[in-house]
Asker: 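The structure under discussion is supplied below as structure tokens; questions concerning it will follow.
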Amino acid sequence: MSQDPCYSCGKEIASGQSFYEDHGVKVCINCFRNAKRCQKCKFPSSHLSKVDGFGYVCEFCYSSFSKEEGMSCYLCNGKIWSNSSHYADHGKVVCQSCFKDAKIRCFTCRFPHVVKNIKGQGGVCEFCLEKNLTAESNLESMLKPLQSFIQKFGHEISGKPNLLWIDWKLIIGMQQEKPDNIVLTFFDELVRYCYPVYYLKGLYYVIPSIPRQWFMPYMAGQMVAADLCKKYNLFHLRGNSPFLDLARGWSHWVAYNTARTLKYDKPAKTISRWPESTLPGNFQKFLAMSEFRKPTEIVEFAHENLEFYAKKYL
Ligand SMILES: [Zn+2]
Ligand SMILES: [Zn+2]
Ligand SMILES: [Zn+2]
Ligand SMILES: [Zn+2]
């Protein structure tokens, strides 16, 4: 019985000789020994092609990939194998090469392609450029509900809050003792050291470009700080005293609750852990309390103790 010729070298495969068979073709034992194997199907191919983020694959796998498997890179249109490593965000996928080659990534979200440099912040991707809040945004529709939301926590902010959009390095400088020792490149690192929205002497300082779901909770917390400053005649809540620790913990608690109420999961999780400094004051105390006390009881506890501590320590 005569065999089909070897797919690789075209030579007859003698009957009785062992061979490799896959993809409907046969490969002789000689070619099999000398060929590199496809990293997907193990086929001994002499025509391996590189699939970015995956490795080398045979011609059969390569063509089936282009038909059905995988996606195209948003930046270079190159193929991305469906189970290869790649970057995904904003509903787009980016191949490993484009990701590695990106010189600047978006400050807000780390997307590996920026379309603009924002002064005092860094690169911004097209998606964050469109969505983020900036000095140009109309914030009225956000601030109004936020002002009524913090009333539930016993705080009143009347009138339009005064916002100043400035370099994040200045904002971190307002909140950290030694800001020059801090090295960071992205927003998710920034929030580990400071609030991206910070109240100081009648002004709310905000980084130049911030996503709405991060602005809302931090702004709520800082409006509480502003109301406490007004009530107790302070410029800010920095410093060491039982009153200030409680006041900062309370404003942090409201920020956390805002994120939770709005179902902003990532900000809520971050706010429950960061910044790792004295900034969140007695926040952990409120967090622990929330496990066994009703929200109204916590509000009552906060205000009673703030008044008591103010008399004692201010
Ligand atoms: Zn052969
Ligand atoms: Zn293959
Ligand atoms: Zn690419
Ligand atoms: Zn971005």
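First listed ligand is number 1; within each ligand, the first listed atom is number 1.
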Asker: Do Glu297 and Phe301 have side chains that approach each other closer than 4.5 Å (heavy atoms only, starting at C-beta)?
Answerer: no
Asker: Do Asp188 and Arg110 meet the salt-bridge criterion of a basic N to acidic O distance under 4.0 Å?
Answerer: yes
Asker: So that I can check it, does any N, O or S atom in Cys41 come closer than 2.8 Å to the Zn ion (ligand 2)?
Answerer: yes
Asker: Less than 4.5 Å apart, side chain to side chain, heavy atoms only: is that true for Lys103 and Val114?
Answerer: no
Asker: Could you grab the angle centred on the Zn ion (ligand 1), going from SG in Cys6 to SG in Cys31, to 10°?
Answerer: 110°
Asker: Need one value: angle at the Zn ion (ligand 3), Cys98 atom SG versus Cys76 atom SG, rounded to 10 degrees.
Answerer: 110°
Asker: Just so I know, are the side chains of Asp167 and Gln121 near enough to count as touching, which here means a heavy-atom distance under 4.5 Å?
Answerer: no
Asker: Please note down the angle at the Zn ion (ligand 2) between SG of Cys38 and SG of Cys58, to the nearest 10°.
Answerer: 120°
Asker: Evaluate the side-chain proximity of Phe215 to Val206: yes if any heavy-atom separation is below 4.5 Å, no if none is.
Answerer: yes
Asker: If you round to 10 degrees, what value do you get for the angle at the Zn ion (ligand 1) between Cys28 atom SG and Cys9 atom SG?
Answerer: 120°
